[in-house]
4 protein chains.
Amino acid sequence: MPGRPYNPAHTEAARAAVFDLLEERGYEAISMEAVAERTGISKQALYRRWKHKRALIVDAFAEKADLLPDLPDTGNFERDLRALLRATFALLNGPCGVTNRALVAEALQDPEFLPELRERHLSRRRQQLRTVLERASRRGELKVPPDDTTVDLILGPVWYRLLLQNAPLDTSTADDFTDRLSRLLRGS
Amino acid sequence: MPGRPYNPAHTEAARAAVFDLLEERGYEAISMEAVAERTGISKQALYRRWKHKRALIVDAFAEKADLLPDLPDTGNFERDLRALLRATFALLNGPCGVTNRALVAEALQDPEFLPELRERHLSRRRQQLRTVLERASRRGELKVPPDDTTVDLILGPVWYRLLLQNAPLDTSTADDFTDRLSRLLRGS
Amino acid sequence: MPGRPYNPAHTEAARAAVFDLLEERGYEAISMEAVAERTGISKQALYRRWKHKRALIVDAFAEKADLLPDLPDTGNFERDLRALLRATFALLNGPCGVTNRALVAEALQDPEFLPELRERHLSRRRQQLRTVLERASRRGELKVPPDDTTVDLILGPVWYRLLLQNAPLDTSTADDFTDRLSRLLRGS
Amino acid sequence: MPGRPYNPAHTEAARAAVFDLLEERGYEAISMEAVAERTGISKQALYRRWKHKRALIVDAFAEKADLLPDLPDTGNFERDLRALLRATFALLNGPCGVTNRALVAEALQDPEFLPELRERHLSRRRQQLRTVLERASRRGELKVPPDDTTVDLILGPVWYRLLLQNAPLDTSTADDFTDRLSRLLRGS
DNA sequence: CTGTAAGCGAGACGGTACGTCAAGTCTTTAG
DNA sequence: CTAAAGACTTGACGTACCGTCTCGCTTACAG
């Protein structure tokens with residue numbers, strides 16, 4: 001027997017509130033209490049949907065973080081990679097970057113969340129790059145078939161800069177990365 | 001007028017307790033309260049030494065995390081790089097890895113801490129790699145002079161794997177990284 | 001338009017559940033939530049029948065609490081009183097005592113319920129004693145005609161012990177009360 | 001080693017707040033939350049002093065409720081008893097009566113509290129009466145030495161009326177009780 | 001060899017949030 | 001209509017940790 005369904009507006013409002021709080025007052029300001037107050041949803045209703053504060057945070061960010069740039073096939077690996085990196089960097093300079101940093105912070109503190117993050121989120125970014133790589137491989141542009149390490153070598157520096165911010169993620173960096181990495185991977 | 005000096009045993013005991021808590025019950029279990037109770041040091045004494053919980057955590061981990069592998073000059077870039085990566089991976093598989101993950105967690109939550117972490121800690125790892133690179137450059141082994149991006153391309157994948165644990169940091173990975181990266185960087 | 005009638009089994013099941021909860025886990029364990037879960041009746045159905053939690057509790061207990069000992073006329077006041085007190089004490093040592101304590105607890109918290117309790121329940125115990133007293137009075141065994149205060153002087157100590165449990169309600173106490181009270185009331 | 005002492009003003013303020021809440025908004029309005037807010041004392045500070053909400057309530061009421069009428073020795077049992085009952089009834093018609101009813105309500109709901117209530121509070125009222133009785137006994141005014149049952153027979157009716165309010169606690173009732181009870185107890 | 005500045009343990013304090021519970025109401029679907 | 005299932009608001013519960021603040025005591029250097 002069915003029972004009253006969740007109010008879907010609430011689910012969405014809570015997710016939005018998490019994001020708003022992050023942007024307005026920083027990661028530490030995110031609290032169930034604050035989400036409840038700001039949205040007018042009772043704590044009880046929140047805890048009915050999400051087991052933890054973390055569960056809400058993760059769920060809230062999952063969507064926003066999953067934004068992926070479009071991937072037109074340019075017919076050339078270097079052009080593809082450049083477009084991908086430029087678009088990625090651009091995204092990561094906005095709220096999407098904040099979100100990704102927050103998600104990793106969460107995962108580092110909560111070991112149970114890390115696998116979930118990998119499966120729900122990181123894997124999609126890896127897959128996107130993989131698609132580009134395999135396309136290039138089929139065209140015969142790559143020395144060797146792409147594998148997980150190939151992906152690590154490309155995405156590693158991106159995450160490194162995003163998380164530890166030792167340098168900006170700007171267009172010229174994207175181009176620099178593209179130049180060096182495509183030389184690494186291209187035949188010759 | 002001098003007053004009673006800090007008890008140096010306390011300083012050390014607190015740092016140790018932070019580390020113990022991390023290993024025993026995870027990052028979230030680290031609390032001033034717990035450190036105080038476990039060491040018998042009063043909260044007041046802790047706060048006299050460290051401004052924040054974060055300050056204690058950072059200080060506690062700084063030492064452990066700063067372990068750096070030895071760097072004998074083998075006279076050959078690829079051998080140097082292989083040795084460095086192997087040693088680094090080995091270290092990161094132990095408590096040093098746990099610590100580094102915790103430090104990044106801290107930095108992601110506390111924007112003020114990130115620059116400090118970069119200067120006190122990350123920069124040393126970068127510098128160590130830089131030394132290897134410059135040595136190789138002076139020997140004429142590199143196509144182009146090493147710069148910050150060069151370092152990013154090498155350390156990025158290492159941190160990526162350490163933090164997000166999509167794959168292990170084992171010897172064969174070190175060798176794989178070495179092979180691919182040295183090909184990228186070597187002249188030819 | 002009459003609609004579907006209440007399921008009388010439910011009404012009874014809820015009353016029983018209240019009583020079970022009281023005996024198993026104490027007064028504080030009685031909750032609508034618990035009654036609903038234990039009986040499989042929905043909260044809504046409970047609230048349709050009883051306005052409040054209190055209304056249910058009161059209704060549930062009313063029956064059980066109304067047990068009154070039998071009152072054979074022995075032809076002698078002291079014997080009548082002794083029989084009455086012994087029987088009453090015996091009853092109050094069982095679930096009937098628990099119930100009466102719960103009813104008073106309820107009455108103390110809900111001023112609206114107190115008059116109802118007095119009229120539906122307490123008055124019957126008073127009336128029973130009154131009958132004994134008046135019988136004795138007609139026999140000429142009492143110094144003065146019995147009135148409300150007479151009843152208070154006899155039942156007061158009984159309730160006092162039942163509620164505040166400073167001493168047990170056992171047979172020897174019943175006899176002790178009988179001896180002293182009959183001396184008070186008998187012409188001497 | 002001692003540590004910072006409780007702020008005694010807080011202890012007193014919290015007790016007062018409990019009583020204020022009772023008078024202003026009734027028994028159900030008493031909550032730790034409300035006491036904390038009204039006094040400016042943090043919840044933590046309250047819970048440091050009192051294990052439960054109940055513990056606070058009990059403690060708060062114990063003092064106020066412990067108001068006991070003065071007991072001048074008039075040299076005569078009947079006069080002493082009359083004075084005691086009159087004074088007691090007068091007290092119980094004020095806030096002290098409300099409080100005592102609330103305390104019993106609490107005790108009926110929380111079996112663990114009942115013994116505490118008896119020891120901290122009820123026993124003092126019993127002791128006061130006992131003093132009067134023993135004084136009279138030493139003067140040779142009583143048929144038999146007073147015991148616990150004697151106290152029950154006198155206080156029982158008082159509590160009965162206080163709790164179940166079947167009749168008022170006024171001066172003429174006090175006198176009525178005095179007349180009948182002193183006849184019961186006096187020699188002859 | 002003594003005063004005084006500071007360390008120290010114990011632990012209270014105001015905050016803020018946590019996650020839980022029950023009360024009583026409302027909504028959906030089924031019969 | 002009744003009924004179950006279960007979401008909903010409200011409001012309190014008791015706990016945890018933060019960083020600060022006494023309290024009374026104990027060092028240990030400086031005069």
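- Rounded to whole Å, atom P of F/dC17 lies 13 Å from atom CE of B/M32.
- The separation between A/Y6 atom OH and E/dT29 atom P is 16 Å, rounded to whole Å.
- Residue B/P5 is the one, among B/P5 and A/K51, whose nearest nucleotide of DNA chain E lies closer to the 5' end (criterion: closest heavy atom).
- If you check every strand for non-hydrogen atoms under 4.0 Å, A/R49 touches sugar and phosphate atoms only.
- Under the salt bridge (charged side-chain N to carboxylate O under 4.0 Å, His left out) criterion, B/R38 pairs with B/E24, not counting sequence neighbours.
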TODO: Evaluate side-chain contact (heavy atoms from CB on, under 4.5 Å) for D/T11 paired with D/R49, printing each intermediate quantity in order.
DONE: CA-CA 8 Å; D/T11 312; D/R49 264 162 254 242; 2.6 Å; yes
TODO: Give the intermediate values and the outcome of side-chain contact (heavy atoms from CB on, under 4.5 Å) for residues D/T39 and D/H10.
DONE: CA-CA 8 Å; D/T39 57; D/H10 283 179; over 6 Å; no
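- Under 4.0 angstrom from either OP1 or OP2 of E/dC18 there lies no side-chain N or O belonging to A/H52.
- Here A/E37 pairs with nothing under the salt bridge (charged side-chain N to carboxylate O under 4.0 Å, His left out) rule; sequence neighbours left out.
- Five base pairs at each end of the helix from E/dC1-F/dG31 to E/dG31-F/dC1 define two local axes, and these are offset by 10° (rounded to 10°).
- One can place CH2 of D/W50 at 15 Å from P of F/dT15, the figure rounded to the nearest angstrom.
- With sequence neighbours excluded, the residues forming a ring pair (Phe, Tyr, Trp, His ring centres under 6.0 Å) with B/F19 are B/F61, listed by chain and number.
- Where B/H10 and A/A29 meet DNA chain E, the nucleotide closest to each residue was compared, and B/H10 sits on the side nearer the 5' end.
- Atom CE of D/M32 is separated from atom CD1 of D/I41 by 10.0 Å, given to the nearest 0.5 angstrom.
- With sequence neighbours excluded, no residue forms a salt bridge (charged side-chain N to carboxylate O under 4.0 Å, His left out) with B/K53.
- Rounded to a whole Å, the CD atom of D/E33 is 6 Å from the C1' atom of F/dA12.
- In this entry the distance linking CD of A/E28 with P of E/dC18 reads 12 Å, nearest Å.
- E/dG11 atom P lies 14 Å from atom CZ of D/R4, rounded to whole Å.
- With DNA chain F read from its 5' end, the first of the two nearest nucleotides for A/P8 and B/S31 is the one closest to A/P8.
- Look at CZ on B/R25: it is 13 Å from C1' on F/dC17, rounded to the nearest Å.
- Note: NZ (C/K53) to C1' (E/dT25) measures 17 Å, nearest angstrom.
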- [ ] Take A/R54 and A/Q109 through the side-chain contact (heavy atoms from CB on, under 4.5 Å) test and state the conclusion after the steps.
- [x] CA-CA 10 Å; A/R54 280 191 314 270; A/Q109 282 182 285; over 6 Å; no
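- Of the residues in residues 35-48 of chain D, those with a non-hydrogen atom less than 4.0 angstrom from any atom of DNA chain F are D/K43, D/Q44, D/Y47.
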Open item on the list: The test is side-chain contact (heavy atoms from CB on, under 4.5 Å); show your working for C/H121 and C/N100 and say whether it passes.
Closed with: CA-CA 10 Å; C/H121 180 49; C/N100 275 291; 2.7 Å; yes
